[in-house]
2 protein chains.
Amino acid sequence: MSREFRRAMPLLPISMVMQLTELTARQIRYYEEHKLIQPARSEGNRRMFSLDDVDALLEIRELLDQGINMAGIKKVFDMRQVNDVRIYDKTIISDAELRIILREEMLQAQRLQKPSLRQGGLSRFIQIKSK
Amino acid sequence: MSREFRRAMPLLPISMVMQLTELTARQIRYYEEHKLIQPARSEGNRRMFSLDDVDALLEIRELLDQGINMAGIKKVFDMRQVNDVRIYDKTIISDAELRIILREEMLQAQRLQKPSLRQGGLSRFIQIKSK
DNA sequence: AATATTATGTTAGAAAATATAACATATCAC
DNA sequence: GTGATATGTTATATTTTCTAACATAATATT
């Protein structure tokens, strides 16, 4: 679980993601525009990417290479989401239990930092502030 | 091995490190000035920190809390570094190679499912305890 | 073939983040 | 009380990132 949390943590600026994926900023933003990724934002509106985002971008690149377009990639991703949920259902921790854990963690984090992210997913629980 | 690469990979901007460590930019730069950390630099001279850097900073904080000064902390770090082989230090590797390594590591990590960050390190902020 | 769509490049201007450097200061050790 | 240490604060320059608009080659559609 901690691993997944870490991987969902928005840490990287777009410049790093560009280097890791060899994609241009234009491409990355375009894929976001098409909902293939949803990077978090800092208070100053900078995109902050997680390792999951990087992973997704690398896969987008592969799929594009295979001639698949935005819609197709979206479909592939959506299908995977379904699979993830299925797999997740089989884990020991219940959804409710998970929520409690996440809430606890979030509250603890807020004791240390000011809240700031406005977006869904796990990254909701990770704080990014700018000033 | 790849995991160490990843932890030594300079990815994070100072703003992220500030949040992860609860240190001010001033403090972080001061510690660098005193050679306690040596973050990489971007083309445009921005500091880029690795997870190892974050861990080091968290430890600096602890040691300062214990009343140890810069010189003392430096000594502690130097003593440890004797056996500590830093793969990334002087190795010249391309972005592509780094990316491939990162990718490999991520994929493998998903299979091995191994908790790893040591206590008192980064895990304090991103790990949630199951059960 | 002509036209439209898609994925990406390029450019411009604004805003945010970071850099260095200088000066300020509270806390200790002496 | 003096001086060193660790950190705060401020100023200014540079870099990074943002959005938005317009351009275009490659595909798809008609």
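Within every chain, numbering begins at 1; the chains are lettered A, B, ... in the order of the sequence lines, protein sequences first and strands thereafter. Hydrogens, waters and symmetry mates play no part in the numbers below; they use all other heavy atoms, side chains included.
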Between [atom2] of [N] and [atom1] of [X], the distance in whole Å:
X     : N      : atom1 : atom2 : answer
B:R61 : D:dA6  : CZ    : P     : 17 Å
A:Q19 : D:dT16 : CD    : P     : 10 Å
A:K74 : C:dA7  : NZ    : C1'   : 17 Å
B:R47 : C:dA19 : CZ    : C1'   : 7 Å
B:E33 : C:dA21 : CD    : P     : 9 Å
A:L63 : C:dA7  : CG    : P     : 13 Å

When you measure from the side chain of [X] to the backbone of [Y], do you find a donor-acceptor pair of N or O atoms at a distance under 3.5 Å?
X     : Y     : value
A:Q38 : A:K35 : yes
A:D78 : A:K75 : no
B:R61 : B:T21 : yes
B:Q27 : B:T24 : yes

Which listed nucleotide ([options]) is nearest to the side chain of [X]?
X     : options                : result
B:I14 : C:dT18, C:dG9, C:dT20  : C:dT18
A:S15 : C:dT18, D:dT17, D:dT19 : D:dT17
B:R26 : C:dT20, D:dA21, D:dG8  : D:dG8
A:Y31 : D:dA6, C:dT8, C:dA19   : C:dT8

- Hey, what do you get for CG (A:D52) to CE (A:M9), rounding to the nearest 0.5 Å? 12.5 Å
- Query: Roughly how far, to the nearest 0.5 Å, is the CD1 atom of A:I37 from the CD atom of A:E59?
  - Reply: 13.0 Å
- Message: I want to confirm an ordering. Mapping A:R46 and B:M48 to their closest nucleotides on DNA chain C, which one lands closer to the 5' end?
- Response: A:R46
- Under 4.0 Å between a side-chain N/O of A:Y30 and OP1 or OP2 of C:dT8, yes or no? no
- A:S42 side chain near C:dA17 phosphate (N/O to OP1/OP2, under 4.0 Å): yes
- Message: Applying a 4.0 Å non-hydrogen cut-off, can you work out what A:R29 is touching in the nucleic acid: base, sugar-phosphate, or nothing?
- Response: base
- At how many degrees, to 10°, do the end axes of the helix from C:dA1-D:dT30 to C:dC30-D:dG1 meet when each uses five pairs? 30°
- Message: According to side-chain hydrogen bond (donor to acceptor under 3.5 Å, both in side chains), who are the partners of B:R47, at least two apart in sequence or on a separate chain?
- Response: B:E32
